[in-house]
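Beneath this line is the structure, given in structure tokens, with notes to follow.
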Amino acid sequence: MSDILQSPFMQDLIANTLVGYLKFCYKTTRWTIEDQTPVEAIWDGKGPVVLMFWHGRLHLGHASWPRDRGQPVCVLASMSKSGEVSMKINTRFGYHSIRGSSAKKSDPTKQKGGAQAFRELIRWIRGDRETGGRCVAMTPDGPRGPARVMTEGSLKLSQMSGAPLVVLGQSTKHYMEFKTWDRMRIPLPFSRGAMVWGVLPAIPADTDDRQLEALRLQAEQALTGVTDRADVLLGLVPQGAA
């Protein structure tokens, strides 16, 4: 059975079904948007940008970034079979994917292509003369967690590219929530939704390890703050407090 589920046919079927469902949910959701003006300036500026949202709200992220106005988007997909499905989903939403996984903290020797993927992300986000800068969208607590604990990858990408950090909180009034490490939510159609944006400056190139940790905590708190605010706008108890 596992071989059938991992076949290219089934992966395409899963990706097509999920993308069709999500697009239907996005279209039938009445969105409330807060603090988007600074992000619009980033879209118009055409420079590099790092977009971050928590892994548990992954299936809301595709509703946020306007393809006709914002920078082209790249997403880091893991080397696993589930990463293959994620790449197919991103492609169907018009996003580019780079494959690679970060090392496990328990065994930092197992990189799974992470170093090479990071170099490719740097090349992507810097863009070129024709396109200008590009966007890298990241779930900084993924792919393994712990939930809502930010790793340094997004900040290192900002530091090496000069890209500002955009934090995005999203929520829908009605959803399915799974008992996974990230309490993954899948939106339901005909709902109310909220997007809350925040912008943090690029990480300075000369930031040392102590300063980077302070900035990491600041970015982590900012991302949790906008996510909780999106829940509050819909009358929900913030997920972290539930």
Side-chain angles (χ1 to χ4, degrees), residues 1-29 50-68 70-104 106-107 110-125 134-147 151 153-154 157 168 170 172 174-189 191 193:
M1 178 63 71
S2 61
D3 290 341
I4 294 175
L5 292 175
Q6 293 176 3
S7 68
F9 172 79
M10 286 302 299
Q11 289 180 340
D12 284 335
L13 180 62
I14 293 170
N16 288 335
T17 301
L18 186 54
V19 168
Y21 173 77
L22 289 176
K23 286 184 175 180
F24 179 68
C25 288
Y26 300 159
K27 186 170 291 188
T28 59
T29 296
V50 177
L51 170 66
M52 298 186 292
F53 39 85
W54 289 132
H55 198 273
R57 308 296 170 98
L58 179 65
H59 293 299
L60 293 171
H62 293 104
S64 63
W65 202 258
R67 288 183 58 198
D68 60 342
Q71 291 85 336
V73 176
C74 176
V75 179
L76 181 66
S78 74
M79 301 296 289
S80 66
K81 292 293 185 180
S82 62
E84 184 71 26
V85 176
S86 296
M87 186 178 71
K88 291 176 182 292
I89 291 172
N90 292 328
T91 298
R92 285 157 176 76
F93 274 109
Y95 296 169
H96 180 72
S97 293
I98 290 174
R99 302 294 300 276
S101 297
S102 59
K104 292 183 178 180
S106 59
D107 189 354
K110 295 183 178 179
Q111 283 288 338
K112 294 187 178 180
Q116 175 62 30
F118 189 81
R119 289 192 291 269
E120 292 182 27
L121 290 174
I122 289 292
R123 286 194 290 269
W124 168 270
I125 199 171
R134 296 176 177 139
C135 174
V136 171
M138 305 190 76
T139 54
D141 57 343
R144 306 177 190 90
T151 60
S154 302
L157 188 61
L168 171 62
Q170 289 181 282
T172 54
H174 303 295
Y175 56 86
M176 297 178 287
E177 184 174 294
F178 295 94
K179 294 181 179 180
T180 52
W181 65 266
D182 58 352
R183 295 168 67 184
M184 173 73 73
R185 288 185 181 181
I186 302 290
L188 294 173
S191 185

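Any value given below was found using the heavy atoms of this structure, including those in side chains, with hydrogens, waters and symmetry copies removed.
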Taking the side chain from Thr172 and the backbone from Tyr175, do they hold a donor-acceptor pair closer than 3.5 Å? no
- Kindly say whether Val85 contributes a backbone atom to a donor-acceptor pair with the side chain of Gln11 at under 3.5 angstrom?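 Such a contact is absent between Gln11 side chain and Val85 backbone.
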Salt bridge (charged side-chain N to carboxylate O under 4.0 Å, His left out) pairs touching residues 6-20, sequence neighbours excluded, are Asp12-Lys88, Asp12-Arg92
Non-hydrogen side-chain atoms of [X] and [Y] separated by less than 4.5 Å:
X: Met176; Y: Met184; answer: no
X: Arg183; Y: Phe178; answer: no
X: Arg57; Y: Asp182; answer: no
X: Val73; Y: Arg134; answer: no
X: Phe93; Y: Arg67; answer: no

Give, for atom [atom1] of [X] and atom [atom2] of [Y], the distance between the pair rounded to the nearest 0.5 Å.
X: Tyr26; Y: Ser191; atom1: OH; atom2: OG; answer: 13.0 Å
X: Leu51; Y: Cys74; atom1: CG; atom2: SG; answer: 12.0 Å
X: Met52; Y: Ser154; atom1: CE; atom2: OG; answer: 5.0 Å

>> Run Leu76 and Arg99 through side chain to side chain contact (heavy atoms under 4.5 Å, CB included) and show every step you take.
In response: CA-CA 6 Å; Leu76 181 66; Arg99 302 294 300 276; over 6 Å; no
Enumerate, atom names and distances included, each donor-acceptor pair closer than 3.5 Å involving a side-chain atom of residues 118-125, sequence neighbours excluded.
residue	atom	partner	partner atom	Å
Arg119	NE	Gln116	OE1	3.4
Arg119	NH2	Gln116	OE1	2.8
Glu120	OE2	Gln116	NE2	3.3
Trp124	NE1	Cys135	O	2.9

Test of understanding: with side-chain contact (heavy atoms from CB on, under 4.5 Å), list the residues that count as partners of [X], not counting sequence neighbours.
X: Asp141; result: Trp54, His55, Thr139, Ala147, Trp181
X: Phe24; result: Thr28, Pro189, Phe190
X: Ser97; result: Met87, Asn90
X: Leu18; result: Leu22, His59, Ile89

For Pro187 and Tyr21, the nearest pair of non-hydrogen atoms, with its separation, is O-OH, 2.7 Å
Minimal non-hydrogen separation, Leu58 against Phe53, with atom names
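So the two residues come closest at CD1-CE1, 3.9 Å.
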